[in-house]
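Every chain is numbered from 1, with letters handed out A, B, ... down the list of sequences.
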Amino acid sequence: MLMTPVLYPELDTFLKWIRESLSRGFQPFAFFGTCEAFIYCLMGKAGELELACCPFPPAGRYPSLSIDFPAFQIFERELFEEYGIVPIRHPWLKSVRHPVNTQPAIEDYPFLASESPLIHEVGVGPVHAGVIEPGHFRFLMRGEIVEHLEIQLGWQHRGICAMLCDGALAQKMYIAESIAGDSVIAHGTAFCGIVECLSGTEARAKHIRTLLLEMERVAMHLSTLSALAGDVAYIMSQNLFAAIRTTVINSTLSICGSRFGKRALCPGGVNYALTQDLIEALKTKMKYCALQIQNTAEAMFASTSLLSRFDDTGKVSTEDVIRYGFTGISAKASGVPIDSRVDFPNWQYPAFLVQTESTGDVFARAHLRYVEAMQSLDIIQELLKRIDPQSPICTETASFSPNQIAVSIVEGARGRVLHIAKSKDESTALWYKIYDPSMVNWLALSLAVQDEQVSDFPLCNKSFDLSYCGSDL
Amino acid sequence: MFELFKARFRHGYQAIPNPLKAGMDPAFPGLPVLDKQMDFELLNGVCPTNAFSEQGCDLGKCIFCGACERKFPHMIHFSNDFKMASDDRQKLIMAPGANSLAPIEFRLPSQFRRSFTIRNVCAGGCNACEMELAACNNVNFDISRYGIEMVASPRHADALILTGPISRSMASALAETWQAIPEPRYLILAGACAISGGIFAESPAIDRAFLKHWEACLFIPGCPAHPLSIVSAITQIMGIK
Ligand code: SF4
Ligand code: SF4
């Protein structure tokens with residue numbers, strides 16, 4: 001949607017507004033600096049968004065918000081890294097991504113250390129023992145127990161936001177599709193939302209987009225469930241879930257040619273229509289998947305040896321979810337029912353209830369993925385009934401109206417995917433900010449492993465299943 | 001327990017019997033066929049990576065977005081042939097009128113023909129290439145049937161498979177991992193990002209100096225490279241038919 005920010009010329013009143021909106025139950029959705037030398041803050045709660053801005057503080061410093069409201073910690077670090085603005089008394093001020101030429105270099109990054117002889121350090125990464133993305137984990141250990149985990153990302157930084165501002169924005173679909181390869185549709189639809197908003201275009205084929213988004217969610221949840229089963233050596237479920245995921249992503253390929261939904265979207269609609277034959281084939285395949293998932297999951301969650309690893313491991317409390325502003329599965333598994341599909345409805349969802357779990361442990365996050373995948377498969381069946389193969393799939397986008405700010409929110413498999421951009425002229429963006437849910441959620445992993453055995457780290461890590469490239473951009 | 005048996009029973013046999021001869025969904029964009037009359041300037045007008053030249057379409061740059069095919073269906077058509085790889089960067093160019101790439105001549109020494117271990121380094125991609133690489137190991141594609149294994153330690157590896165355009169931050173970690181692989185070692189590039197920088201080729205946040213020093217023996221196009229493309233390419237250099 002298009003938003004007009006409230007301008008606060010004074011920093012004090014801006015910060016006061018932030019505190020006041022927090023007290024009304026809002027969470028920081030985005031807080032960032034722009035090339036116009038303004039700080040923007042987007043506050044949100046179910047169904048409501050408020051945007052305000054304020055010029056950069058003249059002294060380049062301001063009292064940190066993170067001390068009282070830790071949900072700001074990563075945003076303030078980003079602002080510091082990008083524009084050198086110092087939040088005074090920020091608890092741990094350091095770079096987020098180490099873009100080109102920042103000091104210190106990513107290899108020399110300072111970590112929290114301990115001088116206690118009882119504590120030893122364990123560093124893992126950036127290159128990990130597996131086919132996964134790079135990131136660095138630094139543990140402070142007391143014997144086998146994790147005292148503290150610091151996560152250093154930025155290794156995947158490839159300059160996405162800058163690339164989106166270089167040239168006509170509507171032509172950058174392929175970049176949006178490569179923000180995170182496992183969330184192509186989530187980031188892709190968020191990007192399309194921005195272009196459509198700025199150009200005042202009403203998108204076509206919203207049913208197909210919603211269908212693809214839900215298929216992506218099912219595939220992601222299955223791959224996490226498979227990895228979780230693998231981590232506790234429950235090989236049967238690992239393989240079964242992986243094979244069902246193959247069926248789901250191969251179905252996505254049959255729609256658009258890519259197993260991850262690349263090529264499918266374009267500003268204004270989608271690139272490929274669904275034929276009636278394909279719709280019928282998808283109905284059958286998705287029905288088969290639902291049945292298989294149900295059987296596999298029911299057996300898996302009845303296994304006591306598996307539950308003894310999942311239960312009570314890696315807990316995140318409800319209070320922490322709210323304090324730190326976690327989103328997606330990480331929030332819902334701790335009993336906080338936030339879901340942009342319901343809070344900011346923009347797509348074509350049949351009515352559904354947001355599912356939650358209460359325990360906030362690995363079990364809750366795993367089980368919720370199962371429940372959500374099944375729910376998504378129901379939604380998919382409903383959407384398949386509604387899709388009309390004859391209806392037009394795409395429309396041309398018009399030129400932008402300059403100096404407009406658009407916000408686009410999509411509930412990806414990991415949580416709230418948020419894009420926010422300002423138009424410069426008829427076709428380009430002045431600035432473009434992307435917030436993958438992982439960016440705030442990485443801290444949830446740090447909290448979850450505190451006081452756990454280090455051997456449970458892989459399990460905890462997979463239960464959150466966060467994106468490196470999505471936060472590194 | 002009964003649930004598990006039911007699921008296992010319904011699961012049936014999921015492995016693709018012969019990945020080298022597998023059928024592929026017609027929607028898959030594989031090897032393109034270019035019309036002899038193709039106008040490369042016109043095609044480049046819609047191509048995000050400027051993959052076209054007089055010689056044809058450079059599959060090392062192509063991200064298979066389909067924009068060219070949707071706009072100029074009479075000039076280019078993507079077949080569903082997933083067997084597209086080369087042992088030479090120059091041979092990745094699909095000439096107008098051709099219906100295949102030049103064959104892969106490179107073969108690994110005989111000691112690697114039955115057992116070949118690979119270490120992946122992901123350096124700045126979007127994670128789709130890594131997921132496809134990981135999928136090679138699942139029950140469907142099951143690359144280990146050919147004695148190919150993705151190993152955790154570079155010390156255990158015979159080859160490094162690079163995915164991603166090489167972000168600046170990863171440049172030295174990549175070089176260190178490569179140095180840790182005992183010789184003889186082989187470099188494989190999977191995906192448009194690794195082969196040419198792909199859509200990130202122009203970004204100042206990437207540093208591809210590593211590839212100036214080291215030559216790859218296998219290039220597997222795609223965005224991401226499909227598991228079947230990966231399996232068929234690697235088995236070819238192992239001499240498996
Ligand atoms: S499919 Fe390949 S060649 Fe065609 S426009 Fe896309 S990137 Fe360029
Ligand atoms: S080649 Fe494509 S799929 Fe692979 S890492 Fe690059 S952008 Fe992602």
Side-chain angles (χ1 to χ4, degrees), chain A residues 97-100 106-107 126-134 154-159 162-163 171 173-175 177-182 184 223 236-237 239-240 242-243 245-246 250 253-260 262-263 271-272 288 291-292 295-296 298-300 302 467-470 472, chain B residues 1-8 10-11 14 25 27-29 48 63-67 70 78 120-135 137-140 150 152-154 164-165 167-170 172-174 176-177 193 198-200 202-206 223-224 226:
Chain A
R97 309 194 172 95
H98 295 266
V100 187
I106 197 160
E107 294 87 353
V127 179
H128 293 277
V131 186
I132 51 167
E133 296 178 79
W155 309 90
Q156 294 276 66
H157 179 72
R158 53 219 186 275
M163 289 176 75
Q171 308 298 324
M173 189 68 234
Y174 59 96
I175 293 179
E177 285 174 334
S178 299
I179 294 168
D182 48 23
V184 171
S223 95
M236 177 80 100
S237 285
N239 286 331
L240 263 61
R245 168 182 176 263
T246 306
N250 282 354
L253 184 146
S254 68
I255 298 174
C256 65
S258 157
R259 307 212 305 160
F260 299 91
K262 293 193 175 199
R263 305 153 54 93
N271 282 325
Y272 298 93
Y288 160 82
L291 207 64
Q292 273 296 74
N295 282 325
T296 314
E298 275 175 11
M300 177 167 116
S467 171
Y468 302 73
C469 54
D472 288 349
Chain B
M1 200 43 148
F2 188 57
E3 250 66 48
L4 200 58
F5 283 137
K6 267 204 304 203
R8 177 65 191 89
R10 205 173 280 122
H11 180 71
Q14 291 282 342
D25 197 304
F28 175 76
I63 58 164
F64 299 84
C65 68
R70 288 192 296 271
F78 284 85
N120 167 237
V121 173
C122 158
C126 76
N127 193 27
C129 276
E130 291 80 60
M131 283 189 293
E132 291 298 51
L133 206 53
N137 256 327
N138 71 18
V139 286
N140 307 97
M150 307 282 172
S153 167
S167 54
R168 272 171 182 259
S169 302
M170 276 306 287
S172 65
L174 167 66
E176 279 175 42
T177 310
C193 279
I199 58 171
F200 303 113
E202 306 294 324
S203 170
I206 71 168
C223 181
H226 193 282

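Under the 3.5 Å distance criterion, the side-chain polar atoms of A:R158 are left unmatched by any main-chain donor or acceptor of B:I206. Without hydrogens or angle criteria, B:S167 side chain to A:W155 main chain gives a donor-acceptor distance under 3.5 Å.
Looking at heavy atoms from C-beta onward, B:I199 lies in side-chain contact with A:S178 at the 4.5 angstrom threshold. Under the 4.5 Å side-chain criterion, counting only non-hydrogen atoms from C-beta, A:Q156 is in contact with B:C122. For the pair B:P29/A:R263, a side-chain contact is recorded, criterion being any heavy-atom separation below 4.5 Å from C-beta on. Side chains of B:E132 and A:R259 form a contact here, defined as non-hydrogen atoms less than 4.5 Å apart. Between A:E177 and B:I63 there is no side-chain heavy-atom pair separated by less than 4.5 Å.
The minimum heavy-atom distance between B:A27 and A:S254, with the atom names listed, is CB-O, 3.8 Å.
Interface remark: A:Y468 contributes no atoms to any contact with chain B (heavy atom separation under 4.5 Å). Of the atoms belonging to A:A302, not a single heavy atom falls under 4.5 Å from chain B. Only the side chain of A:F260 comes within contact range of chain B, with at least one heavy atom under 4.5 Å from a heavy atom of that chain.
At most 12 heavy atoms of other shown residues, nucleotides or ligands fall within 6.0 angstrom of atom CZ in B:F5.
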> Do B:C126 and A:K262 pass the side chain to side chain contact (heavy atoms under 4.5 Å, CB included) test, and can you show the C-alpha distance, the side-chain angles, and the key distance before you say yes or no?
Replying inline: CA-CA 12 Å; B:C126 76; A:K262 293 193 175 199; 3.4 Å; yes
